[in-house]
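The structure under discussion appears below in the form of structure tokens.
Residue numbers run from 1 in the order of the sequence given. Ligands are counted one by one from 1 in listed order, and the atoms in each one are counted from 1 as well.
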Amino acid sequence: MDTLFQYLVPATIIIAVILGFHGAPLIVWTVGIAAALVGFKVPGSVLIGFGVVAVVFNLKPIRSMFVSSIVMKIMKALNIVPSISETERTALDAGVVWAEAELFSGKPDFKKLMNEPYPELTPEEKAFIDGPVDRVCQMIDDWAIFKNREIPENIWDFLKKEKFLGMIIPKEYGGLGFSALCHSQVIMKLSSRSMPVSITVMVPNSLGPAELLNHYGTKEQKEHYLPRLACGEEIPCFALTEPGAGSDAGAMTSEGTVFKGSDGKLHMRLNWNKRYITLASISTILGLAFKLRDPENLLGRGPDLGITCALIPTKTEGVVVGRRHDPMGVPFHNCPTQGKNVVISVDQIIGGVTNAGRGWKMLMECLAAGRGISLPAQSTGGIKLAARVTSVHATIRKQFGINIGKFEGIEIPLARIAGFAYLTESFRRYTLGALDKGIKPPVVTAICKYHSTELGRRCINDALDILAGNGISQGPRNLLGHGYLASPIGITVEGANIMTRTLIIFGQGALRAHPYAYAEVNALEKGDLKAFDVAFWGHMGHIFRNGVRSIILSISRGWLAASPFTGRVAKYYRRLAWTSASFAIMSDIAMGSLGGKLKMKEKITGRFADILSWMYIATSILRRFKAEGSRKEDLPFVHFTMNHCFLEIQRAFDGIFNNLDVPGLSWLFRGPIRWWANLNSIAGEDNDSHTHKIATLMMSDTEQRDRLTEGIFIPKDPNEALGRLEEAFKVTKRAEHADDKIRKAVRQKLIPKIKGPELIKIALEKGIINTDEQRDLIRSEELRWQAVQVDDFSEAEFHGGVSTPNKSKTDWTTSTKQAAKVI
Ligand SMILES: Cc1cc2nc3c(=O)[nH]c(=O)nc-3n(C[C@H](O)[C@H](O)[C@H](O)COP(=O)(O)OP(=O)(O)OC[C@H]3O[C@@H](n4cnc5c(N)ncnc54)[C@H](O)[C@@H]3O)c2cc1C
């Protein structure tokens, strides 16, 4: 008997843990428990009792009738499930779930996630990027655009001629028919050159007339409008936002009424008051979202049809356009528009009268995809530019006798910008792979929009800190000042960020990406017992499995999870598996304890959104590393960014443990679990050696640095601000060895401790450097000097006159002669 217990008890526990960890089906548990009961020689009455329970739970019709029906009633009575409005349901149903469902499962299939595409451009698309996109970038003078507050005519003409405004319009309608990746690459490159131009190109290619016509337009509408939109003959805008309806766009008051005209045909009389509408003042065709009423039931679908989208030529009587807002001084057209008793045919509804009242669905479906393209592209372009500019500045700017990039204090923000450039590119491209496969995942695209714009804002702040006076002095030499001004715009548009984090990512994610929650909600709403039974018991098994996985993976720090790959990054797959299990179980605990109230607990949902987001971002980093050949030299970026992801995840878990109200169990989360989580945290603070390696790489003239900033516009002309910086960087790197030799000689007291051209001359005379090295050093010092200058203006120029900044900068030699001193 003793021997039996000695082996049987531990064996039973181990088998139970293995079954729980792998989520064995109920029938396997039933057989296993029966075997254990027999092994333990329990009395026959216990075996019979177990048999009854086993039959009830394994036979679905019996389980439904005797158990699930009662559970269903209790859940309804306790109002555990959130109520979902019609507009919310439409938003939830827009698009599909994708990678986020794996991460939500608690047991992600990494092989599947790593087999998702990491896309490349086609040769034709590449030719467009290297051709027309490069050419327009060369033509752009961003400083002049800001000063004149207009994009010049020649840029407009070029954009129209090369069909920049028709990138998403299929070729059969005269557009470019580009992939999401190419569309994104174009925006990314333009953003690195000029925000106003990139926004101007972005808008006709995102949610608006062309996109809506592509998907829902009638044949006649497509044939009429798309070719005109593709070549810029028609300039579109799309008006959704109102003074009283911003984030809550469904609250719009713009309305239309169907009536029969004297010609016997059906028309709509429209009234609207919209604001923040990009391109409205110069638009020729206005896409309008409004609530359609049909009081006489002329369309035969009742009096209130709901949100509808129609196309209105702006020359129609009653349409008011022409005034402009001033979005942070960034000179693109952003405008109010009003419509007063504007009469158009019902045939102007996008998709015709059958689409009357389907506007919200159309908008949500298109937004699901669009959010993953324009703003992530714009932010990634901005971050890459910041990485390029700051790494040059850190290399060429000297203070206290050395390049500022050598100061540890500078290494931190520099590495952060470069790390975030690696990271945003990873999730930008990974998401575009899904979009180009025809998948429209609204949760993932919301993650992309939110994090790319937030990281962009953080990087531009870091960049300005590194550039200091060079960053805040506006003028043609300043490459980042305009990006700084524009950064709040991306935060606000296409779903303002606070709401995107707290309401959309987890609010939608919890219901859509959770394997059972949405099915349960739907079954409860419809009173479908059969569907509820399947979803509810599936959910119970899911909770049990994830509970076991979470404990086991936490104790083993993820080591008991399988990794599809070996090597230096295998640990990250394991840690992600651990995170996913803990996230899944904590989501269920939050949903179970807060029920319908969870939606309003935005401090909690925001933290869950962070965990889901950083898991997704971490997955995309691993995908990028694999797609780029798992190069050893990229490891510092992978280590730094993966640690950042896990650190954010750890912070979010801490916040949840500390603040989640679980009836009767809050003490457990605030006390022992939080204590354990701190003791056994998923990640710690950044490793200084990683930031050092990244900063050093960024300040080296290598292929890797080019790869990190690939896709932005880098002018070759040394008279341009970025071209000048690039030249200074290259020559400085070339002269570095000679510079080191001189420093060494100074330390050995072979030459005096002075600075400027005199020092170089003495070093040559003493044979410490040769004439080639002397030439490089002098050129390098000249270029450094030029590159760190800022613009200045006369009073007249400053107050808005001709604003050509002072070009007569002192040169390095005269300046250092003036300031020469013994250091
Ligand atoms: C430059 C620019 C261009 C634009 N272009 C267009 C365009 O072409 N067409 C168009 O129709 N619109 C356009 N917009 C409008 C844009 O989509 C709205 O600004 C956006 O929807 C937010 O609305 P709002 O500014 O009124 O902010 P509000 O809705 O008033 O939001 C204020 C704050 O409250 C937060 N918030 C709101 N609800 C919640 C919630 N439930 N939970 C938590 N936080 C919440 C928001 O995140 C935000 O931080 C543009 C805006 C700008 C600034």
Salt-bridge test for Glu153 and Lys160: reply yes if a basic N is under 4.0 Å from a carboxylate O, no otherwise. no
Ring centres of Phe104 and Phe583 under 6.0 Å apart? yes
Thinking salt bridges, do Lys449 and Glu494 make one under a 4.0 Å N-O criterion? no
Would you please write out the protein residues whose heavy atoms approach any atom of ligand 1 to under 4.0 angstrom, listed by chain and number? Phe238, Ala239, Leu240, Thr241, Gly246, Ser247, Tyr276, Ile277, Thr278, Phe332, Asn334, Ile489, Thr492, Val493, Ala496, Ile498, Met499, Thr502, Leu503, Glu602
Report the residues that fulfil side-chain contact (heavy atoms from CB on, under 4.5 Å) with Asp588, sequence neighbours left out, ordered by chain and then residue number. His514, His539, His542, Ile543, Met591
Any side-chain donor near an acceptor of the partner, Asn522 and Arg89, under 3.5 Å: yes
Does Glu454 come within less than 4.0 Å of Arg457, counting only side-chain N to carboxylate O? yes
